[in-house]
Amino acid sequence: MNKIKLPILAVAFIAILFLTGCWDNNDVSDVAIVTAIGIDKLEDGRLAMTWQILKPEAAQPGMEGGQAGKAYTNYTAAGLTLNEAHKELIRISGRKPFYGHIQVILLGEKLAKEGIAEFIDIFERQYEFNQTVKVLLTKDMTAQELLEAESDLENLPAIHLMNLVEANIFTGKVIDLPFFKLVMELEREGRSTVISALSSKSKNDKSTIKEMQIEYAGIFRKGKLIGYINTVQVQSLLFIANQIRQTLITTEHPLSPDKQISVEIVRGQAKREVSLSEGRIKGIVYVDALARIAEVHETQYSLKPDIAKIIESETAGRIKQNLVTLIDMAQDNYGTDIFGFGELVYKNEYGFWKSVKDDWDEYFVHMPIDVFVDVKIKRAGLIDKPSKAR
Amino acid sequence: MQKVRLSGIQLGMLFVGFLYGSSSLLNPAFSALQDGWLAFLIGWMLGIIIIAVYISIYLLNPSQTLIGILKSNFGRFLGTVIGILYAWYFLHLAAIVLRDFGEFSLLVILPNTPLPFIIGCFAALCVYSLKKGIEVTARTGELLIPLIPLASLIVTLGIARLIDFSNIKPVLANGIKPVLTTGFGVLSFPFGETVCFLMVFPLLRKRSTLRKTVFISTVIAGLLLLIIVVRDILALNPQLTQRAAFPAELASKLFPVINIYPLILLNLLIGGTIKVIVCLYASAAAITELSGLSDYKALLSSITGFSVTLSIWLYDNVMQMFEFAVSTYPYYALPFQIIIPVLLLIISIIRRTSERRKTS
């Protein structure tokens, strides 16, 4: 027995020495925990990368030094490739980055205009990047400038930016685009990408995120930014793309046009179709929305079923009008297929697709698209008419 | 020496683990893009046929290993030569699988660890298991293999929200040819590789259950792989699957909120180890029988050491590895997996009928 035990014990002790897992450890205080990455293109064509690094000591409230200052700091460096910028950042910050906690990736406007496809390679190729990070554009400023903005709500501006995107499920006016979806969309046949963009309210004040807003979304053709649409149009786009969770439509009350009425869409179901007849492609969009009346300023009429019907058709009319405006804009102003009708043609009418795939956008511009919107109002809240001051 | 015997369920589990092992990481049908499911179905059907050929060979030459069958059908000299080639093929296969797993670990979880160390650890585990006997592996497999489908089911459910059924369209956009080529690839990896089991079949306790056991496990493993192939097409979309080095790794990255690498690693460690063990066993047993030794265990360490070295020598870089797997391997494996077994089957049938005629 002892003869066997001794070697086993020896092996166990040697194993303790070598298997502690300490030989390439990374202490939290030694790594730079990157919470947001900004990518810009500089005037000389180099790429600049900005890290927003969490300072763990400062991020803990109540701890000594917790009030000492900002919980983060920004570093920027440039290089011909993003990997070069990454190494340069390590050189100037003296810390090895930890990318596991990135909340947002910000793409600068200049980079977006010159094409984003090549510069997202690093995020796919390197194993440490999380594929579900949100992607945002910056409009009229660089990503670096945006990351300098402080947040009055969160310790970390990166978290604030991410929350701005995630609040989309309540507003329906921001495109929640995780990184892997961006890659998928860029790669799809016959579809142009749209990415929400942060812009500053005033030209001069860029010091806090409060001054920023996601007011626009950038339209991309073949990976290059060609223009912006506003939030109402983003809402319409999300309707067509079947990504609406909750959103609000405000119209005039049908029976007294000077009073407003707000209808909250609680579920939007959309279907896009393409049909091929006589060698022409026609697009059809169906939107079915469930809604509830959220606010009424009109004190005269009770919400009788027939009134509700009128409100339903008024709301549907407003949505349809928005959708048609957006479709016209995409066809006439930008000339690119942001709805993915081309993808539907590719998938369902492959024979036809082969004849138009090289200039699908030109075909799309002249394509007739029918829009059908149906709104069903199910509920009207706790009261009927609003109270009336007598 | 006490004779090793496997029960039906143990053999079945080994079979499932072997088929599922590395294929779950490398999505065998990715190069057919959105028609991958069709290519996989074709490969699967062909695989069932070729596995039926292996079973028939064994049943026509009962209680003999592949080497014995080769010797009795091709004659002593030619049988020995082909037997040596088979021993080489099994060894090479073990090396290929070891390298696949080494590269995966290096790329995904252990980026700073030297490749020989990772592969060496794998191999040491395999040698340890085989030193205790193949039946130990089989019993361990009985316990662990059921965890594999569970793990891949969790990953699949986790990314179910990304599933878009329209991704399989357009069907046959590039014609049937790439689908057939890929289907052929699926036949050679993983189904044709079960030719290793011709060395294992004689260990089965009841020969009568062989056909049923192997058939059921092929169907189960095929279904599991089909789920993975279809998941990658529907949820990850075909282009992404084609570009990704390891689609399973990408799928786990898209899992919401938590990091589920451990589940992918579970597949890797259980399935991969089983596959390497079966290959090493087949090779060791073949060499033992060819050289007239009594016990394969004496050869194990040297054979494993050789296959570890070989796995590091095989490719200069990962690009070569993928290139070899897609364009060279199906043709390299063709004689071992299809041509020689079919010849064996024909010769066995002829011999059997002529023997019958003699006796009657």
Side-chain angles (χ1 to χ4, degrees), chain A residues 11 15 18-19 21-26 96 99-102 117 120-121 123-133 166 176 178-191 241-243 245 271-274 276 340-354 357, chain B residues 33-35 103-114 117 121 124 128 158-159 161-175 232-261 264-265 318-319:
Chain A
V11 168
F18 287 101
L19 296 180
C22 295
W23 63 277
D24 67 341
N25 63 331
N26 291 320
K96 186 174 175 285
Y99 288 121
H101 289 303
I102 302 179
I120 57 180
D121 175 277
F123 298 103
E124 274 194 284
R125 191 176 297 283
Q126 310 290 31
Y127 75 99
E128 63 260 73
F129 286 103
N130 185 348
Q131 301 288 303
T132 52
V133 193
E166 292 210 323
D176 183 353
F179 176 77
F180 69 90
K181 279 222 172 104
L182 170 65
V183 177
M184 285 182 187
E185 283 196 8
L186 284 172
E187 237 175 351
R188 288 217 162 123
E189 305 259 9
R191 179 180 203 134
N242 195 16
Q243 286 178 13
R245 297 275 287 276
K271 217 167 93 185
R272 287 165 298 147
E273 276 178 10
V274 287
L276 179 68
F341 284 110
E343 194 189 344
L344 290 176
V345 176
Y346 163 70
K347 281 177 175 169
N348 297 322
E349 306 284 353
Y350 188 74
F352 185 79
W353 172 254
K354 276 194 284 189
K357 72 172 174 190
Chain B
L33 290 176
Q34 63 270 22
D35 297 322
E103 290 292 350
F104 181 83
S105 314
L106 199 65
L107 214 55
V108 178
I109 42 167
L110 302 167
N112 294 325
T113 311
F117 183 77
C121 286
Y128 175 68
I159 61 167
R161 82 212 138 91
L162 301 175
I163 284 179
D164 176 2
F165 283 100
S166 71
N167 275 345
I168 60 166
K169 290 196 270 188
V171 178
L172 293 181
N174 303 318
D232 287 351
I233 294 171
L234 295 186
L236 303 186
N237 109 16
Q239 280 81 15
L240 223 56
T241 310
Q242 194 192 24
R243 272 189 309 126
F246 296 103
E249 182 266 347
L250 182 62
S252 79
K253 261 190 171 171
L254 303 186
F255 199 90
V257 189
I258 52 169
N259 190 336
I260 49 160
Y261 275 152
I264 300 291
L265 291 176
V318 166
M319 286 76 89

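Per chain, numbering begins at 1; letters A, B, ... match sequence-line order. This is a predicted model, so every value here is computed, not measured. Computed over heavy atoms, backbone and side chain alike; hydrogens, waters and symmetry mates excluded.
- Among residues two or more places apart in sequence or in another chain, the salt bridge (charged side-chain N to carboxylate O under 4.0 Å, His left out) test is passed with A/Lys357 by none.
- Interface remark: B/Ile109 contributes no atoms to any contact with chain A (heavy atom separation under 4.5 Å).
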Could you walk me through whether B/Arg243 and A/Val183 pass the side-chain contact (heavy atoms from CB on, under 4.5 Å) test, one step at a time? CA-CA 11 Å; B/Arg243 272 189 309 126; A/Val183 177; 3.4 Å; yes
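- With hydrogens and angles ignored, the 3.5 Å screen pairs a side-chain donor or acceptor of B/Lys253 with a backbone N or O of A/Tyr127.
- When each of B/Val108, B/Leu254, B/Leu107, B/Ile168 is scored by its heavy-atom pairs under 4.5 Å with chain A, the top score falls to B/Leu254.
- For CZ of B/Arg161, the number of neighbouring non-hydrogen atoms (other residues, nucleotides, ligands) closer than 6.0 Å is greater than 12.
- Heavy atoms closer than 4.5 Å to chain B are found in the side chain of A/Arg188, but not in its backbone.
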Applying side-chain contact (heavy atoms from CB on, under 4.5 Å) to B/Asn167 and A/Lys347, what does each step give before you reach the verdict? CA-CA 8 Å; B/Asn167 275 345; A/Lys347 281 177 175 169; 3.1 Å; yes
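- Interface residues of residues 234-242 of chain B toward chain A, defined by a heavy-atom distance below 4.5 Å and sorted by number: B/Ala235, B/Leu236, B/Asn237, B/Gln239, B/Leu240.
- Residues satisfying the side-chain contact (heavy atoms from CB on, under 4.5 Å) test with B/Ala124, not counting sequence neighbours, are none.
- Every residue two or more places apart in sequence or in another chain that forms a side-chain contact (heavy atoms from CB on, under 4.5 Å) with A/Gln126 is listed here: A/Asn83, A/Ile122, A/Glu128, A/Phe129.
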